[in-house]
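Just so you know, these numbers use all the heavy atoms, side chains as well, and skip hydrogens, waters and symmetry mates. In listed order, ligands and their atoms are each counted from 1.
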Amino acid sequence: MKITAVDSFLVRVPLRQRTITDSQSSVDAVDVLQVVLHTDAGISGYGMNWSYTRGLRAAQVMVQDDYVPLLIGQDATLRKELVRRMFYANHFVGRVGAARVGIAAVEFALWDLACRRAGLPLWRYLGAARERVKAYSTDGGWLSWSVDELVRDATRLVERGFDAVKIKLGRPDPREDHARIGAVRKALGPSVRIMTDANCAWSLAQARYWGGRLAEHDVYWLEEPMVPEDVRSHAELQRAIPIPVAVGETLYTRYQFRDYIEAGAVGIVQADATKLLGVDEWLEVAALAAAANLPVVPHTNVQQKLHVQLAAATPGVLMVENCYESIEDIWEEPLRVVDGHYPLPQEPGLGLKLRDAVVREHRVG
Ligand code: MG
């Protein structure tokens, strides 16, 4: 199965219904880079990466200018070797970041080809551990909302069948954060899991004090309290507070995850295959987590279908995020949460093909 041609294109999909806000960003659209590998076997493989900032064009340029020449004519089953070649083609300008997210998009397309040739969805191809995957909602809890809006939205999510919701932290005064979480806990009662996410807004001193006090509201985890480069402070925090610290959405290598795990700096491993070098490195991180008895909860926003499939094949995964529901139909055969769970996709592959109409309407560049 030789690769005969590669297409890539960028789409910018506006969020319907609302702008979302956390301590670092205000998001009104999501960019998706689609990479398509065509083969002489008559099968095409689809990969993607995403951003809600504006850097994805750089990744597309690297795919087109630097990776396509390495891929044309190659055997599509040489996935790990092709990833190595792409990585070293650009490692002087991007051992992490744009170079890496472009490689991951190609890596997913190579996996998609393997699964499509086998006629299996990824989760069956990898070997299934379960037949549905628990969801938790991060499509709410936004930082700009009033307490009333937070409570109303979280209540609606629970009425729809979710029993786990995430609320953003990072208001200018942490006392406000504490009161907001308290109001949500009071409204939802004791049986719903409440997770919190500071998106790196806090200092160590703030995280120690206010992170510790989240236990008063029985918070299930504290996500990205501080900048991800600072492993030592996360280790100090995790020793100081009873709530698990969750990190992973801005960790780009298995070595970073290893350092977090070995330092005792993480309680919930939020590996995201779109930030790592794809499915292979995600599975390596999941194995590291399993060996340390740490649960994995993949970070995801528009790429739920990929992570739901990885979760179905990985016993240590607790649940998978559900975000950006307003644009979940950008994919062919979108997954929709029912009773707080994702059904598993049945079509062969990774499920990362954008609908043609979405590409026509939202293509940029
Ligand atoms: Mg987060």
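Applying side chain to side chain contact (heavy atoms under 4.5 Å, CB included) to Glu224 and the options Thr250, Val245, Thr196 leaves one that passes, Thr250.
For the Mg ion (ligand 1), the tally of protein N/O/S atoms lying closer than 2.8 Å stands at 3.
Under the 4.5 Å side-chain heavy-atom criterion for ILVMFWY residues, a single connected hydrophobic cluster contains both Ile181 and Trp142.
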Side-chain donor-acceptor contacts of residues 89-110 below 3.5 Å, not counting sequence neighbours, with atom names and distances?
unit_1, atom_1, unit_2, atom_2, d
Asn90, ND2, Asp66, OD2, 3.1
Asn90, ND2, Tyr67, OH, 3.2
His91, ND1, Arg95, NH1, 2.8
Arg100, NE, Arg95, O, 2.9
Arg100, NH1, Tyr252, O, 2.7
Arg100, NH1, Glu281, OE1, 2.9
Arg100, NH2, Arg95, O, 3.4
Glu107, OE1, Val279, N, 2.8
Glu107, OE2, Trp111, NE1, 3.1
Glu107, OE2, Val279, N, 3.2
Glu107, OE2, Asp280, N, 3.0

Set out, in order, the CA-CA distance, both residues' side-chain angles and the distance that settles side chain to side chain contact (heavy atoms under 4.5 Å, CB included) for Asp177 and Leu143, then state yes or no.
CA-CA 9 Å; Asp177 288 323; Leu143 200 60; 4.2 Å; yes
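Looking at His178 and Glu216, their side chains do bring a donor and an acceptor atom within 3.5 Å of each other. A donor atom on one side chain and an acceptor atom on the other are not found under 3.5 Å apart for Glu328 and Asn322.
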